[in-house]
Amino acid sequence: MAAARESLLDAAGAALARRPWPAVRMVDVAAAAGVSRQTLYNEFGGKDGLARALVRRAADGYLAGVERALAGGGDWERLTAVAEWTAAAAQEDALVRALLTGCWSERLPAPPRGPAPVPAQRRPEPPLPSPPDLVRIVRDRAVTALSGPGTTPAATVELARSCELVVRLALSCVTAPPGEGGIAGLIRTAAPRTAL
């Protein structure tokens, strides 16, 4: 059933790229995925469940990109890669942009609030991350990736500040793209290097 779920999410994402979420019809999503409408309802419970899963997939994809950015290179290169990935992902995907900024247009599925009805065969999913949650998650993952075995508590606090500053600089680049020097130039001049 995982293949059907991914096909349904792909079809919903393609439909969302062509028209606003309120105009996306479940029957069209099911047909595009090559499954019955009942399969769609069994998998997601309804349009709200489909929206939640679509937004969850965008959040998970963004965080997977953060992990890839943190995987190699020197410390500042990794933080710069996280910032550049954040700006690029937000530019390419309206759902990622909305997740990072909290600015949800009428064109997008509204971020589901509170617990959603869950089909009997599915487990409830954790709540979707808010913009402050994403800042914290990315900051903490960066601190974990950049901390060495002998990192002192004081150095960890300073590293966390630097990582959060880089994440927040990246978010500012989502709403107001940087000029000459790009994101790397901003990070080079604004983020203190003492923590790394």
Side-chain angles (χ1 to χ4, degrees), residues 9-10 12-14 16-21 51-52 54-113 127-148 151-152 154-196:
L9 289 172
D10 290 343
L16 180 60
R18 291 188 307 273
R19 57 187 165 280
W21 185 250
R52 180 182 293 274
L54 199 57
V55 174
R56 165 73 54 204
R57 183 166 81 160
D60 291 347
Y62 166 69
L63 291 173
V66 168
E67 291 295 333
R68 287 189 301 274
L70 289 169
D75 293 347
W76 281 101
E77 289 81 12
R78 290 190 278 176
L79 282 177
T80 300
V82 167
E84 290 171 338
W85 162 250
T86 295
Q91 183 177 12
E92 293 169 11
D93 188 332
L95 288 174
V96 171
R97 183 181 182 91
L99 279 162
L100 290 169
T101 63
C103 298
W104 293 87
S105 75
E106 296 157 1
R107 181 169 176 68
L108 299 174
R113 300 290 179 210
L128 292 166
S130 67
D133 293 336
L134 284 169
V135 169
R136 181 187 45 75
I137 291 166
V138 174
R139 179 203 63 208
D140 292 350
R141 289 183 181 187
V143 169
T144 299
L146 301 176
S147 294
T151 306
T152 66
T156 301
V157 168
E158 191 59 36
L159 177 60
R161 285 189 188 124
S162 294
C163 291
E164 184 163 339
L165 176 61
V166 167
V167 174
R168 291 185 180 280
L169 278 171
L171 290 176
S172 74
C173 293
V174 167
T175 57
E180 194 173 318
I183 294 173
L186 279 175
I187 291 170
R188 211 173 10 263
T189 58
R193 292 180 178 255
T194 57
L196 299 175

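We number each residue from 1, following the sequence as shown. When reading the values below, keep in mind they use all heavy atoms of this one structure, side chains included, and skip hydrogens, waters and symmetry mates.
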- Just wondering, are more than 12 heavy atoms of other shown residues or ligands nearer than 6.0 Å to CD in Gln91?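 Result for CD/Gln91: open.
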Quick one: does [X]'s side chain have a donor or acceptor within less than 3.5 Å of a partner on [Y]'s backbone?
X      : Y      : value
Arg97  : Gly102 : no
Trp85  : Tyr62  : yes
Arg107 : Leu16  : yes
Thr151 : Gly148 : yes

Do you know the tightest heavy-atom contact between [X] and [Y]?
X      : Y      : value
Leu146 : Cys163 : CD1-SG, 4.0 Å
Ala160 : Val143 : CA-CG2, 3.5 Å
Val96  : Ala58  : CG2-O, 3.8 Å
Ala51  : Pro109 : CB-CB, 3.5 Å
Leu100 : Leu171 : CB-CD2, 3.7 Å
Trp104 : Leu99  : CZ2-N, 4.0 Å

- Query: Under a 4.0 Å N-O cut-off, is there an ion pair linking Asp60 with Arg57?
  - Reply: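 So Asp60 does not pair with Arg57 through a salt bridge.
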- Task: May I ask you to decide whether Arg161 forms a salt bridge with Glu164, counting only side-chain N to carboxylate O separations under 4.0 Å?
- Result: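 Between Glu164 and Arg161 there is no salt bridge, as every charged N stays at least 4.0 Å from the carboxylate O atoms.
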[Y] side chain reached by [X] side chain, heavy atoms, under 4.5 Å:
X      : Y      : result
Pro129 : Arg56  : yes
Arg141 : Leu63  : yes
Leu79  : Val167 : no

- Candidates Val174, Ile183, Leu134 - the one meeting side chain to side chain contact (heavy atoms under 4.5 Å, CB included) with Thr86: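 Single pass found, and it is Val174.
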- Report the C-alpha separation of Val138 and Val82 in whole Å, then their side-chain angles, then the decisive distance to 0.1 Å, and conclude whether the side chain to side chain contact (heavy atoms under 4.5 Å, CB included) test is met. CA-CA 9 Å; Val138 174; Val82 167; 3.8 Å; yes
Drop me the distance from [X]'s [atom1] to [Y]'s [atom2], to the nearest 0.5 angstrom.
X      : Y      : atom1 : atom2 : answer
Asp140 : Thr144 : CG    : OG1   : 6.5 Å
Arg139 : Leu165 : CZ    : CG    : 12.5 Å
Leu108 : Cys103 : CG    : SG    : 10.5 Å

